[in-house]
Amino acid sequence: MTTAQTQELDVQPTPLALLLLGREADPRSERGVECPGDLPSPSDPDLVARARAAKEKLGDKVFVLGHHYQRDEVIQFADVTGDSFKLAKDAAARPEAEYIVFCGVHFMAESADILTSDDQKVVLPDLAAGCSMADMATAEQVAECWDALTEAGIAEQVVPVSYMNSSADIKAFTGKHGGTICTSSNAKRALDWAFEQGEKVLFLPDQHLGRNTAVRDMGMTLEDCVVYNPHRPNGGLTAEELRGAKMILWRGHCSVHGRFSLDSVNDVRERIPGVNVLVHPECKHEVVAAADYVGSTEYIIKALEAAPAGSKWAIGTELNLVRRLANRFAAEDKEIVFLDKTVCFCSTMNRIDLPHLVWTLESLAEGTLVNRIEVDKETEAFAKLALERMLALP
């Protein structure tokens, strides 16, 4: 359709369309627009030296966090590396650092802001580094879901459990309604706790982690789980279906882990005899069921560290990490390949590159605060309550 035809129909771009085009920003969303200011050219041969110089100038005033899925060019400047929750805790343990530069995505920087002191400033090098999974559950949608549970007469029986990969708003909703947060490492513990508090769980926003934990680790059946679709009236479920479910799974997923398929597993077993298939629990249930090992990012790293020389591994997680691990263990004769033939980086995680990091560090070194991530006090209080419940899990 041409622009003229669009004008004749008087079609106005929606807020979501403008957001996706990068023409609008939504501070309550994982999405955003490009950072302001002029970025260094990615072809600048002095980028590494500039980043090093700015970081040295800042000294102890800056603490750089690098998520496992970041590019190598960025991860080399991280003071610590890890998954999202480990990094947020690491930031909180460094109260002397005035600036926390989080090389990850938006919800991770929010968690760091929640857990750090008011004097510390959390910075995200590119505001457009969001998370598609976190974006699949908005505060308004979750409020509508809770209304549906109330109308079905079961809200008082439901305990929300939200994955760490969620916005501060969703964490706050969880805290306000008596729930807890979980990571991919402690999801079973969180669900055990939740079922001690109530009869049902609303699991946000990743359906696969919720389903895999319930069925694989807790002995439930697939029939115990229903999927709430926020884009359909009443989530696409009848009141009877909601009442009959133990696990009410939000219809969300990771755009990277959701790509792996049963065909991927079968194909790699055919191509590499004797291969060990190791996948993240954000993968689809049939992929997890067909894998040899399943675990969080930290679990994957430790499993490969402990693996015997000469072993073969196909890994179902983000490509930056898989490639880094393959290079790291090549000298030990461990063959490590990406589970799928199709190369797949996390597109939003990869928005943070060396030019963005250099721009951020140089701006801070010059005394200019850029791209600060700040959670409002009410949201922070309830989100922190949910996080503290997780920290108190046995």
Side-chain angles (χ1 to χ4, degrees), residues 65-87 89-90 103-104 108 163-165 182-188 206 208-209 212-213 216-217 254-346 349-350:
L65 308 174
H67 191 272
H68 287 308
Y69 297 166
Q70 288 289 296
R71 305 162 180 254
D72 287 346
E73 67 186 50
V74 170
I75 214 79
Q76 66 179 313
F77 292 103
D79 294 303
V80 292
T81 59
D83 61 18
S84 58
F85 187 55
K86 174 184 179 295
L87 293 177
K89 288 194 298 182
D90 286 342
C103 297
M108 300 178 187
Y163 190 22
M164 180 62 66
N165 299 27
C182 76
T183 68
S184 51
S185 300
N186 69 5
K188 181 181 182 299
D206 179 25
H208 300 305
L209 177 61
N212 289 329
T213 306
R216 181 177 181 273
D217 300 332
C254 170
S255 58
V256 171
H257 293 107
R259 290 178 60 92
F260 299 116
S261 66
L262 186 56
D263 287 342
S264 304
V265 178
N266 294 335
D267 177 72
V268 80
R269 291 197 191 282
E270 209 171 287
R271 286 188 291 113
I272 308 175
V275 70
N276 297 285
V277 177
L278 170 55
V279 303
H280 195 281
E282 289 176 19
C283 292
K284 296 172 184 173
H285 181 67
E286 58 266 29
V287 173
V288 165
D292 300 300
Y293 304 94
V294 181
S296 66
T297 304
E298 295 290 343
Y299 174 92
I300 291 170
I301 295 169
K302 289 175 182 176
L304 293 176
E305 287 174 343
S311 55
K312 302 172 183 179
W313 297 83
I315 311 299
T317 193
E318 207 274 342
L319 183 56
N320 271 319
L321 176 61
V322 177
R323 191 168 58 182
R324 191 175 300 124
L325 291 170
N327 292 334
R328 175 182 169 187
F329 294 113
E332 299 178 26
D333 195 31
K334 298 175 187 178
E335 183 180 350
I336 298 171
V337 301
F338 192 57
L339 178 58
D340 196 18
K341 285 182 176 179
T342 304
V343 173
C344 184
F345 293 99
C346 175
M349 190 77 74
N350 269 266

Report yes if the side chains of [X] and [Y] come closer than 4.5 Å at any heavy-atom pair, otherwise no.
X      : Y      : answer
His67  : Asn320 : no
Leu304 : Ile315 : yes
Ile300 : Thr297 : no
Asn165 : Asp206 : no
Val288 : Arg216 : yes

Using every non-hydrogen atom in the two residues, find where [X] and [Y] come nearest and quote the distance to one decimal.
X      : Y      : value
Thr81  : Leu87  : C-CD2, 3.6 Å
Ser261 : Val287 : C-CG2, 3.5 Å
Gly295 : Pro281 : O-CD, 3.2 Å
Arg271 : Leu339 : NH2-O, 4.3 Å
Pro308 : Ser311 : O-OG, 2.6 Å

Interatomic spacing from [atom1] in [X] to [atom2] in [Y] - rounded to 0.5 Å:
X      : Y      : atom1 : atom2 : answer
Cys254 : Arg259 : SG    : CZ    : 11.0 Å
Tyr69  : Ile75  : OH    : CD1   : 12.0 Å
His208 : Thr213 : NE2   : OG1   : 12.5 Å
Tyr299 : Tyr293 : OH    : OH    : 7.0 Å
Glu305 : Leu325 : CD    : CG    : 8.5 Å
Lys86  : Leu65  : NZ    : CG    : 9.0 Å

- request: Assess the side chains of Ser264 and Asp267: does a donor N or O sit below 3.5 Å from an acceptor N or O?
  value: no
- request: Can you label the angle between the Phe260 ring and the Phe338 ring as parallel, tilted or perpendicular, going by 30° and 60°?
  value: perpendicular
Distance-only, no hydrogens or angles: does the [X] side chain make a donor-acceptor pair with backbone N or O of [Y] under 3.5 Å?
X      : Y      : answer
Asp292 : Val277 : yes
Lys312 : Ile272 : no
Asn212 : Cys283 : yes
Gln76  : Glu73  : yes

- request: Quickly, which of Glu282, His280, His68, His257 forms a side-chain hydrogen bond (donor to acceptor under 3.5 Å, both in side chains) with Thr317? Name it, please.
  value: His257
Between [X] and [Y], is there a side-chain N and carboxylate O pair less than 4.0 Å apart?
X      : Y      : value
Asp263 : Lys341 : no
Glu318 : Arg324 : no
Glu286 : Lys284 : no

